[in-house]
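Input: a single structure, listed below in C-alpha cells.
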Number of protein chains: 2
Amino acid sequence: MTDLHTSDTLDALSFAIFRVHGALIAMGDRIGAPYGLTSARWQVMGTVQLAGQPQTVAQIARAMGLSRQAVQRVMNDLEVIGMIEMQDNPAHKRARLVVNSPAGLRAYEQIMAEWARLSRSLMEALPAEKLEDSSATLDALTRALLALGPPPD
Amino acid sequence: MTDLHTSDTLDALSFAIFRVHGALIAMGDRIGAPYGLTSARWQVMGTVQLAGQPQTVAQIARAMGLSRQAVQRVMNDLEVIGMIEMQDNPAHKRARLVVNSPAGLRAYEQIMAEWARLSRSLMEALPAEKLEDSSATLDALTRALLALGPPPD
DNA sequence: CGCACATTGACAACATGATGTCAAATATTG
DNA sequence: CAATATTTGACATCATGTTGTCAATGTGCG
C-alpha cells in the first residue's frame, strides 16, 4: 500500500532519538543531583577533565558542539558553587583557563562511578555490538544533516 | 589494561545521541522557519494530525513524552498565531480539544513535504536497515533507562 | 449519593540552549 | 608596523523543557 521505502524509517528514528535524549538527560540529572550537579554541569566538567589540561570556555564549547555562551553560563554557575576554578591564561588576558576544583573532581569521580555502574546494568540488556552500530549510524546521520544544513557561527 | 567491555560504548552512543539530537532540531527549525514554525511547534501539530481526531493537551503531551505544561505553552503560542484551534470538549469542561486550523494544516503539509524531500536525500546515504536497527536499539535503551529511573508524574 | 483520588489547565520559577551585539584581546595580512 | 579580521568574554533576549503548586473537573468506590 504505502511506500515503505520513503521517510517512515527516518521518522521513527527521529522519534526514538528525541525520546532517548530525554531519558538520558533525566538519568544524568538524577545521578548528579546528590552533588548539586545536573547533566549539563557534569558534562561540562567531564569535558574539562577529558582534555587533560586547563581549557578555555571556547575550547570546551567547541569540544561539546555547543555555543560558547551556553557553556560560559554553566561555567559561571559551576564557579559560584566551587566546582571549577579559573586560572589566568598567560597566552590571553581575557580567556582564562578552567580547571575542576578538588571538590569538583571528587564529585565528578563519584558521578562517573555511578554512571559506570548504571552503564554496566544497561549493557547487560543491550549487546555492545548494537550500541556500536547505533553510534556509527547516528554519527553518519549527523554528518548527513550537517551537510544539508551547515550550522552558523 | 582498562576494561573495554564496560561503559565506553555507551559513552560514545550517548555523545552521538546528543549530537544528532541537536542536528535534528536545527534541521527542523530550518524547514519550519518559512512558516513561522519551529521544531517543537510543528512536532506538536504533527502529533495532533497523527491522532486523527481532536486531542486534549494532556493526550498530546503523553504521546510525545513531554510534560503537559511544555505542550500547553507551545499550544497557546500556536493558537495566538492561528495555527491551531481549540474546540469545546463535551466530555470535560476544562480540557478543550485541539485541532489544526486550515492555515496550520497547510503549513504542516508543506513542512512534511519538505521533510520528505530531505528524508529521501538522507536515506540515499544511509541504508534503511541501519536506521531501523538504530531505532530498535534506541528504543531498547530508552526502556532500560526508564526502568532504572522511572520519570515522575 | 458523597467523598477520596486522579486528571487537567493555569501560573510561576528555574535550567538549558540558541542567537545577537559589543568591546577587548589576539592573529593575520599587506 | 599598522590596518583588518578573528576570537573571546560579557550581557541581553528568546524558545524550550522541567518541576512545583493550585483550583477546577471527572472518576470510582464505599
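Order of the sequence lines fixes the chain letters, A, B, ..., with proteins taken first and strands second; residue numbering starts at 1 for each chain. Atoms considered below: every heavy atom in the structure, side chains included; atoms not considered: hydrogens, waters and symmetry mates.
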Review point. Where the side chain of Gln69(B) is concerned, which of dT8(D), dT21(D), dT16(C) is the nearest nucleotide?
Key: dT21(D)
Review point. Whole Å only: how far is the CZ atom of Phe18(B) from the C1' atom of dA18(C)?
Key: 17 Å
**Study point:** Per Ala58(B) side chain, nearest of listed nucleotides dT21(D), dA15(C), dG9(C)
**Key:** dG9(C)
Check your understanding: Which nucleotide in the set dT25(D), dG17(D), dG17(C) lies at the smallest distance from any side-chain heavy atom of Ala70(B)?
Key -> dG17(D)
Point to revise | Selected nucleotide, minimal atom distance to Ala40(A) side chain, candidates dG20(D), dG9(C), dG17(C) | key: dG17(C)
Exercise for review: Indicate the ring-plane relationship of Trp42(A) and Tyr108(A), choosing parallel, tilted or perpendicular according to the 30° and 60° boundaries.
Suggested key: tilted
Review point. Thr56(A) has a side chain; which of dT18(D), dT16(D), dG9(D) sits nearest to it?
Key: dG9(D)
Practice item. Give a yes/no answer on whether the side chain of Arg73(B) brings an N or O atom under 4.0 Å of OP1 or OP2 in dG9(C). Key: no
Review point. Should Arg106(B) and Glu109(B) count as an ion pair when the cut-off is N to O under 4.0 Å?
Key: no
Exercise for review: Could you please name the option among dT16(C), dA10(D), dT8(C) that lies closest to any side-chain atom of Arg68(B)?
Suggested key: dT8(C)
Check your understanding: Taking only N and O in the side chain of Gln72(A), is any of them less than 4.0 Å away from OP1 or OP2 of dA10(D)?
Key -> yes
**Study point:** Side chain of Leu66(B) (C-beta onward), nearest among dT25(D), dT18(D), dT8(C)
**Key:** dT18(D)
Point to revise | Rounded interatomic separation in angstrom, taking NE2 from His92(B) and C1' from dG9(C) | key: 9 Å
Exercise for review: Ignoring the backbone of Thr38(B), work out which of dT16(D), dG17(C), dT16(C) is nearest its side chain.
Suggested key: dT16(D)
Point to revise | Carboxylate-amine/guanidinium proximity below 4.0 Å for Lys130(B) and Asp133(A) | key: no
Check your understanding: Which angle, rounded to 10°, do you find between the first-five-pair axis and the last-five-pair axis of the helix from dC1(C)-dG30(D) to dG30(C)-dC1(D)?
Key -> 30°
Check your understanding: So, is Arg30(A) near the phosphate of dT19(D), with a side-chain N or O under 4.0 Å from OP1 or OP2?
Key -> no
